[in-house]
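Just below is one structure, and these are the notes that go with it.
First listed ligand is number 1; within each ligand, the first listed atom is number 1.
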Amino acid sequence: MSSIPIKSQADIEGMRLAGRLGSEVLDYITPFVKAGVTTGELDRLCHEYMVNVQGTIPAPLNYCPPGYTPYPKAICTSVNDVICHGIPGDKVLKSGDSVNLDITVIKDGYHGDNSRMFLIGEPSIQARRLSEVTYECMWLGIAKVKPGARLGDIGFAIQQHAEKHGYTVVREFCGHGIGKGFHEEPQILHYGRPGTGDVMEPGMIFTIEPMINAGRREIREMNDGWTIKTKDRSLSAQWEHTVLVTETGYEVLTLSAGSPPPPAFILAAQTATA
Ligand code: MF3
Ligand code: CO
Ligand code: CO
């Protein structure tokens, strides 16, 4: 018996708006993500945009899951070997850095959760490749979303692609159901076996947010209570979308004018079925 919420039509409308607004924060901040800026300044700009321009609430601020201290900022900024939950501060971005900005807004009680990678100045070929492959991993997972498919199909697709490139999948953090709650059922593992796990049904909404390491998959936790890094100090990348299961497949809710285009294999599949 699965306890995965099925969203009402009103919930879905609310999640469409929250999702687009979450993506528009990333559009807004993009021109500021350059060498010389601090992660704290990016947080300040996003926070102001959410509250003053969008009328949204930054979900991370004071977010306090069991066993955690309240998260102190509006966004997460995860640089280089930081896997996730990097806390914005005095860190100055420099050419060659890669940074994930993870934005979750609340609008009318609904959460829109998404993240993108940004490559600063002249990134290494390895940093570029890791970000690209991680983006493909996210979309390969998204492409598995349809009624009747199983959650393990998503994780399997992601893990296969990452490992094919010699990369590893972080196990300790996963995608999640989302709606009026930030983190709801189910957990979306980014590794697994096809044909296993809960069956997807129309009206489910969850995130797909693979964290992929260039080196080993093990993590270490920093003393700030939030920041997660790779144990071996290798680079890590992450991309995230919030996705609705529709009658025929999926709808990505966290899209906006500035969203990077899906990979060619997704566009080809869309043309084939249009
Ligand atoms: N946005 C993250 C996610 O994708 C969660 C961040 S929790 C925070 O699930 F408190 F660090 F913001
Ligand atoms: Co998420
Ligand atoms: Co997120």
For residues [X] and [Y], is any side-chain donor paired with an opposing acceptor at under 3.5 Å?
X      : Y      : value
Asp27  : Ser256 : yes
Ser115 : Asn100 : yes
Arg116 : Ser23  : yes
Glu209 : His176 : yes

Worksheet item: Does CD belonging to Glu132 count more than 12 external heavy atoms closer than 6.0 Å?
Response: yes
Worksheet item: Is atom NZ of Lys144 surrounded by more than 12 heavy atoms (other residues, nucleotides or ligands) closer than 6.0 Å?
Response: no
Worksheet entry | Atoms of the protein (N/O/S only) found under 2.8 Å from the Co ion (ligand 3) | Asp102 OD1, Asp102 OD2, Asp113 OD1, Glu240 OE1
Review item, side-chain donor-acceptor pairs of residues 56-70, under 3.5 Å, at least two apart:
residue	atom	partner	partner atom	Å
Thr56	OG1	Met50	O	3.2
Thr56	OG1	Gln54	OE1	3.1
Tyr63	OH	His183	ND1	2.6

Practice prompt. Non-hydrogen atoms closer than 4.0 Å to ligand 1: which protein residues do they belong to? List them by chain and number, please.
Written response: Pro60, Tyr63, Tyr71, Cys76, His85, Asp102, Thr104, Asp113, His176, Phe182, His183, Glu209, Trp226, Glu240
Discussion item. Is there a continuous path of hydrophobic side-chain contacts, each under 4.5 Å between heavy atoms, that joins Tyr49 to Val99?
Written reply: yes
Worksheet item: Using the ring of each side chain (for Trp, its six-membered ring), is Trp139 parallel, tilted or perpendicular to Tyr135, with breaks at 30° and 60°?
Response: perpendicular
Worksheet item: Do any of the N/O/S atoms of His176, backbone or side chain, fall under 2.8 Å from the Co ion (ligand 2)?
Response: yes
Item to complete: Could you list all the side-chain hydrogen bond (donor to acceptor under 3.5 Å, both in side chains) pairs where at least one residue sits in residues 77-87, not counting sequence neighbours?
Response: Asn80-Asp97
